[in-house]
Amino acid sequence: DIDFLIDFLTIRKDKYEAFKKMSLSRNVFYFEGYIPERYCEKTVKGLEEKFTVAVTISDVPEDDENEPVLLKNNDFAAPVEEITEMYALPGKHDIDPNAIMAFFYYCFFGMMFSDAGYGLIMFLATLFILLKCKPEGQKRKTVMMYMYCGISTMFWGIMFGSFFGDIINIVRYDFIGLPKIRLYAWLDPQEQLMTTMLWCFLFGVVHLFVGVGIKGYMEWRDGQRFWAVCDTLSVYLAVGGALPLCAGMIIDVPSDIKTVGKYCAIAGVIIIVLTAGRESKSFFGKIGSGLYAVYNTISGYLSDILSYARLLALGLVTGIIGSVVNMMGALPSNKVAKAIVLAVVFVFGPVSYTHLRAHETVFIQTACSTWNFSRNSITAAERNLPLLKQIPKLSNSRRKSVMDNMGLVLAIVGAALAALLSGLGSAKGVGLVGEAAAGLLTEDLSKFTKVLILQILPGTQGPVSY
């Protein structure tokens, strides 16, 4: 294959280009590089024990622009380092964002998955891998990341009342005959849609404000204390003041709070106009830059805050698909058939971590329900075959029954088509990424975590389409 040949020759070329930077002969070679200070003594000792070598260690100059970055975090933040590296590593004078990022990453993951049953499976599976397989290095970090995500998913599943959908109430009501109970500890996203969406926006505002605060801290640390206050306070006032005004379009907000918010927003806009254009030399340049900064602040933060609606959207997808699948499983009137269908859901649904298996479960439920409906109709016809005189009447009755249930039949067919088509499209994307990932990992296994994240992305589109 010509592509593999090109890749092979490119790697060989890079290898010999690296050799050009090294001073070497048949028996001697010289090279230099970077090593963390805490590993210096151990490295020197190991080299001197095994080789005839001369090692010189010196501090990195402050003006060295090629100094690499090595992240060091605890077990809570270290699992997300690979995600940070996918974008850009912080500079040596920047703040390591992983500790703060880890908290929001785990939190938002749980809100978007928001099913305590799935979270419990994630937690138990990752805990088993940690205790049984004892992975090390980046593999351990990856498993730890999913364990924390599983804990967060359990928490938000309890808050939103989702445990494999509403399987608890299905069992209570359809099998035991007990009344349904309240499952959620805080909010029911399906019933309190707008309230949940506002909370998602509020979480997004907190997330963005933390980022603004970090930027202000860095300016303060660098001695620009006045500008740190202006840049941070102006955004807090402008965006925070506008929040009650925007929320008033959806819910009732007291007029006093709206008034305070209005004046805070005006004060924030004034500060932005007066300080954002400080780089310009002329007065009109400063004002023009300030007005442009106001536009960027309003449009940028507005679009960013609205984007947090996906927390609600993806959280609803999990709960609604689970509830719909459970509802379809409970359609058979015969309790034995109903128990069999729900058993299929309970076994295959949780095991399918990705949405594709969830769509397969919907298809299985639909097929079983349709089969049960047809079987009951055929059995009824066989019982009444001897009653020849009543055949026309019974036929009309059955025809009327089918017409009465046509809406349900069409709904089931529509759900099956939606699940099947969105699943096929997403599966195609997963397959394409998998082929490329397999080729990459044959050359560089260290990129497993990055490839895994890219592999998951096409799989997230199926539930949204569904």
Side-chain angles (χ1 to χ4, degrees), residues 69 71-114 144-145 148-149 151-153 155-156 159 186 196-247 260-261 264-265 267-269 271-272 275-276 293-294 296-312 314-315:
V69 175
L71 300 175
K72 182 183 178 182
N73 291 285
N74 56 28
D75 286 342
F76 181 79
V80 301
E81 290 177 351
E82 192 76 8
I83 300 175
T84 303
E85 293 174 3
M86 292 178 62
Y87 296 92
L89 288 170
K92 60 182 179 181
H93 298 299
D94 296 333
I95 295 176
D96 185 349
N98 286 289
I100 298 173
M101 174 188 162
F103 171 78
F104 287 105
Y105 183 87
Y106 302 144
C107 179
F108 290 157
F109 183 99
M111 290 183 68
M112 289 187 286
F113 211 164
S114 65
M144 290 288 294
M145 180 183 72
Y148 289 128
C149 288
I151 295 173
S152 176
T153 301
F155 172 78
W156 287 107
M159 293 293 102
W186 180 37
T196 308
M197 184 173 68
L198 288 177
W199 275 105
C200 290
F201 289 155
L202 182 59
F203 291 145
V205 171
V206 173
H207 189 204
L208 295 173
F209 277 11
V210 169
V212 174
I214 292 175
K215 178 185 176 183
Y217 166 77
M218 293 176 64
E219 291 180 336
W220 182 281
R221 183 195 60 187
D222 295 338
Q224 303 177 6
R225 299 188 175 184
F226 177 75
W227 300 122
V229 173
C230 292
D231 292 344
T232 305
L233 184 62
S234 61
V235 174
Y236 286 169
L237 290 175
V239 178
L243 290 180
L245 303 178
C246 296
V260 172
C264 287
V269 169
I271 295 175
I272 293 175
T275 61
V294 171
N296 281 338
T297 301
I298 294 175
S299 61
Y301 279 93
L302 178 62
S303 61
D304 288 342
I305 292 172
L306 290 176
S307 70
Y308 285 88
R310 71 188 65 180
L311 298 176
L312 171 64
L314 293 176

Undergrad: Any side-chain heavy atom of Met218 within less than 4.5 Å of one from Asp94?
TA: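 Result yes, sub-4.5 Å side-chain heavy-atom pair found.
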
Undergrad: Heavy atoms only: give me the nearest Asn98-Val80 pair and the separation to one decimal.
TA: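 Distance-wise, the nearest heavy atoms are OD1-O, 3.5 Å.
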
Undergrad: Atom CH2 in Trp186, atom OG1 in Thr196: separation rounded to 0.5 Å?
TA: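 Between Trp186 CH2 and Thr196 OG1, I get 7.5 Å after rounding to 0.5 Å.
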
Undergrad: Hey, what do you get for CG (Leu314) to CZ (Phe113), rounding to the nearest 0.5 Å?
TA: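 Taking CG in Leu314 and CZ in Phe113, the distance rounds to 10.5 Å.
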
Undergrad: When rounded to the nearest 0.5 angstrom, what is the spacing between CE in Met101 and NE2 in His207?
TA: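 Separation between the atoms: 8.5 Å.
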
Undergrad: Considering all heavy atoms of both residues, which atom of Gly261 and which atom of Pro244 are nearest to each other, and what is their separation?
TA: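 Heavy-atom minimum between the residues: CA-CG, 4.3 Å.
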
Undergrad: For a side chain to side chain contact (heavy atoms under 4.5 Å, CB included) check, start with the C-alpha distance between Leu208 and Val239, then their side-chain angles and the critical distance, and finish with the verdict.
TA: CA-CA 10 Å; Leu208 295 173; Val239 178; over 6 Å; no

Undergrad: Angle class for the Trp156/Phe203 ring planes (parallel below 30°, perpendicular above 60°, tilted otherwise)?
TA: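 Perpendicular, since the angle between the ring planes exceeds 60°.
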
Undergrad: Report, as yes or no, whether the 6.0 Å neighbourhood of atom CZ on Phe209 holds more than 12 heavy atoms from other residues, nucleotides or ligands.
TA: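 For Phe209, atom CZ is crowded (more than 12 foreign heavy atoms under 6.0 Å).
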
Undergrad: With sequence neighbours excluded, tell me which residues meet side-chain contact (heavy atoms from CB on, under 4.5 Å) with Tyr217.
TA: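 Tyr217: side-chain contact (heavy atoms from CB on, under 4.5 Å) contacts with Ile95, Arg221.
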
Undergrad: Rounded to the nearest 0.5 Å, what's the gap from CE on Met145 to CD1 on Ile83? Could you check?
TA: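 These two atoms lie 5.0 Å from each other.
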
Undergrad: Does Phe103 form a side chain to side chain contact (heavy atoms under 4.5 Å, CB included) with Val210? I'd like the steps, not just the answer.
TA: CA-CA 12 Å; Phe103 171 78; Val210 169; over 6 Å; no

Undergrad: At their closest point, which heavy atom of Leu312 faces which heavy atom of Cys200, and how far apart are they?
TA: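 That closest heavy-atom pairing would be N-SG, 3.7 Å.
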
Undergrad: State the CH2-OG1 distance between Trp227 and Thr275, to the nearest 0.5 angstrom.
TA: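 The distance works out to 6.5 Å.
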
Undergrad: Under the salt bridge (charged side-chain N to carboxylate O under 4.0 Å, His left out) rule, collect the residues that match up with Lys92, sequence neighbours excluded.
TA: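 Expected list: Glu67.
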
Undergrad: List the steps, then state whether side chain to side chain contact (heavy atoms under 4.5 Å, CB included) holds for Val229 with Trp220.
TA: CA-CA 8 Å; Val229 173; Trp220 182 281; 3.9 Å; yes

Undergrad: Tell me whether the count of non-hydrogen atoms from other residues, nucleotides or ligands lying under 6.0 Å of CH2 in Trp199 goes above 12.
TA: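 Open: at most 12 neighbouring heavy atoms sit under 6.0 Å from CH2 of Trp199.
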
Undergrad: Output every pair passing salt bridge (charged side-chain N to carboxylate O under 4.0 Å, His left out) with a member in residues 222-238, not counting sequence neighbours, ordered by first then second residue.
TA: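 Passing the test, one end in residues 222-238: Asp231-Arg278.
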
Undergrad: Using the ring centroid of each side chain, check whether Tyr308 and Phe108 are separated by less than 6.0 Å.
TA: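 Between Phe108 and Tyr308, which both carry aromatic rings, the centre distance is below 6.0 Å.
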
Undergrad: I need the minimum non-hydrogen distance between Gly216 and Ala228, along with the two atoms involved.
TA: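 Heavy atoms of Gly216 and Ala228 come nearest at O-CB, 3.3 Å.
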
Undergrad: Check whether the ring centres of Phe76 and Tyr106 lie less than 6.0 Å apart, and answer yes or no.
TA: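 Yes, they do, as the ring centres are separated by less than 6.0 Å.
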
Undergrad: If you round to the nearest 0.5 Å, how far is CG of Asn296 from CD1 of Ile272?
TA: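 Result: 10.0 Å between the selected atoms.
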
Undergrad: Which heavy atom of Tyr148 sits nearest a heavy atom of Asp75, and at what distance?
TA: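 For Tyr148 and Asp75, the tightest heavy-atom pair comes out as CE1-O, 3.4 Å.
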
Undergrad: Determine the minimum heavy-atom distance between Ile271 and Cys230, stating which atoms define it.
TA: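 The answer is CG2-O, 3.9 Å.
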
Undergrad: Please step through side chain to side chain contact (heavy atoms under 4.5 Å, CB included) for the pair Ser152 and Tyr105, ending with a clear verdict.
TA: CA-CA 10 Å; Ser152 176; Tyr105 183 87; over 6 Å; no

